[in-house]
Amino acid sequence: MRFSVKTADPGALRCGCVIVPVLAKARLGEAGTAIDKSLGGAISKALARGDLASKAGSTLLLYGEERKAARVLLVSMGADATISEKSFREATLAGLRHAGTVSSAEVLSVVHEASVENRDLAWQLRVQVLAARQGAYRFESLKSKKEKDPVRPASLALLVAREHAAAARKTVAQATALANGVDLAKDLGNLPGNVCTPAHLANAARSLGREFRLKVQVLERKQMQALKMGALLAVAQGSDEAPKLIVIQYNGGTAKQAPVVLVGKGITFDTGGISIKPAPEMDEMKYDMCGAASVLGTIRAIAEMKLAINVVGVIPSCENMPSGRAIKPGDIVTSMSGQTVEILNTDAEGRLILCDALTYVERFKPAAVIDIATLTGACVIALGHHNSAMFTSSDTLAGQLSAAGREMADPCWRMPLDDEYQEALKSPFADMANVGGRAGGAVTAACFLSRFTKAYEWAHLDIAGTAWRSGTNKGSSGRPVPLLTGFLAARAQR
Ligand code: BES
Ligand code: MN
Ligand code: ZN
């Protein structure tokens, strides 16, 4: 889907369909009024009849005139005088969805004239681009026949006032870069475990590296052994797929700027290992590499945006399988940090691969480290599917991540990390156990990771509830690429 910014006289538009926002009390904005005039008052007549419901996202399709706006799609922005973010998003999605069923090859125009709470034009443009790309996303590389959409708009033109055009073009380019990153994360997440192996993730990183001239390094089992990554290697030992530790570096900042390090859990399939998972929905454990996918997606986005910041992506990747070589409950392993871990449940594997990656990243002398992981089922119970869980003892990082999540409509919610929870990880035989019982499972998992992050500022995002949707419409969400990209963009500006 192509995007463009137009400043054409709204009264002299030629397009397949123009989407016109209708404000509270059936009022039209400036552009809408001009379009109405050019169509001899067709819009105001329809509105006067009360045919458009006032609920945000209600739509009404009118036929305009050939050689002008062939179709006019009215979209209600809601009944409130100030449009809320939520109403704006709903209206945008509904408008694009409806327009997408009536107009295909022709340009789809969206008029921008509504002011939304305290959000600026850039925010509105980004919402429009991301919503359009979300609607256009398909994952059909593994279907022998592509599903035919009756209509699929090829391009979307965003109509803005002339004085905003230059800034709007930049914003649209940045939003497109973000959408490209989200789509990469979705594609990798949606791939099945037999295709998206650790080697596949490594190749995805390499091709990203070639496209954007990034430094990519892939550590093999031998190198992990030399580094004494006993915890990561322990998880990997049950699988025939070779583990990989992927390191990808984007240097948009100055040489002396400390990098932000993103660490993504890359379990390409999580059977649970010897503590094997029940069969129902086990297929969804192909998504257990969504943390890794979000790291690659975010790096793709910021590289295309050319953000002035240094970022290192680190992805520990392997499968979690049962086998004659697999780890067993009760096994004790020594992590790269030297701390020993009693593995009471082989299904708590994410923290085992992450802890060695978190020790490894000390070498980058990071300004901050964020790890992203589909870490616990308990996180889904605690927060559901709307907020990712965020853990950090740094109020600064917490503030920055929360703000980025709100701004990008990819929210996270801060969870506790009090020392008291550490008790649960006591082991009579090793420095710690890898599980802390059912109570506060997402918190004790974060506590486990915290023991490997003493050398830098750190935050952990548990995305178990937000990285994909279940059910018939199942699929990877691309989250939290928007949150992370927003977080890095804000830091790059400081
Ligand atoms: N990948 C899972 C977490 C998960 C489960 C994410 C369900 C999304 C949906 C993780 O490796 C895991 O299995 N965690 C265990 C931890 C437990 C054994 C302490 C869990 O949550 O059940
Ligand atoms: Mn598991
Ligand atoms: Zn897992």
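Every number for a ligand or one of its atoms is a count from 1 in the order of the listing.
- Within E349, the N, O or S atom lying nearest to the Zn ion (ligand 3) carries the name OE2.
- A heavy-atom distance below 4.5 Å is found between the side chains of V263 and L354.
- For the residue pair S337/S335, the side-chain donor-acceptor check at 3.5 Å is satisfied.
- By the 4.5 Å heavy-atom criterion applied to side chains, C318 and E241 are not counted as neighbours.
- Within 4.0 Å of ligand 1, the residues that place a heavy atom are K265, D270, K277, M285, D288, N345, D347, E349, R351, T374, L375, T376, G377, V435, A464, W468, listed by chain and number.
- With K265 as the partner, the salt bridge (Lys or Arg N to Asp or Glu O under 4.0 Å) test is satisfied by one option alone out of D462, D288, D356, D371: D288.
- Among the atoms of D270, an N, O or S atom falls under 2.8 Å of the Mn ion (ligand 2).
- The Zn ion (ligand 3) is closest to atom OD2 of D270 (considering only N, O or S atoms).
- Residues K244 and H200 form no side-chain contact, since every pair of their non-hydrogen atoms from C-beta on lies 4.5 Å or further apart.
- Our summary of the site lists the angle at the Mn ion (ligand 2) between OE1 of E349 and OD1 of D347 as 120°, to the nearest 10 degrees.
- Between the OD2 atom of D288 and the NZ atom of K265, the angle taken at the Zn ion (ligand 3) works out to 90° after rounding to 10°.
- For an aromatic pair to be called close, the ring centres must be under 6.0 Å apart, and F88 with W123 satisfies this.
- Judged by distance alone, the side chains of Q422 and S450 do bring a donor and an acceptor atom under 3.5 Å apart.
- The main-chain N or O of A255 is never found under 3.5 Å from a side-chain atom of N310 such that the two would form a donor-acceptor pair.
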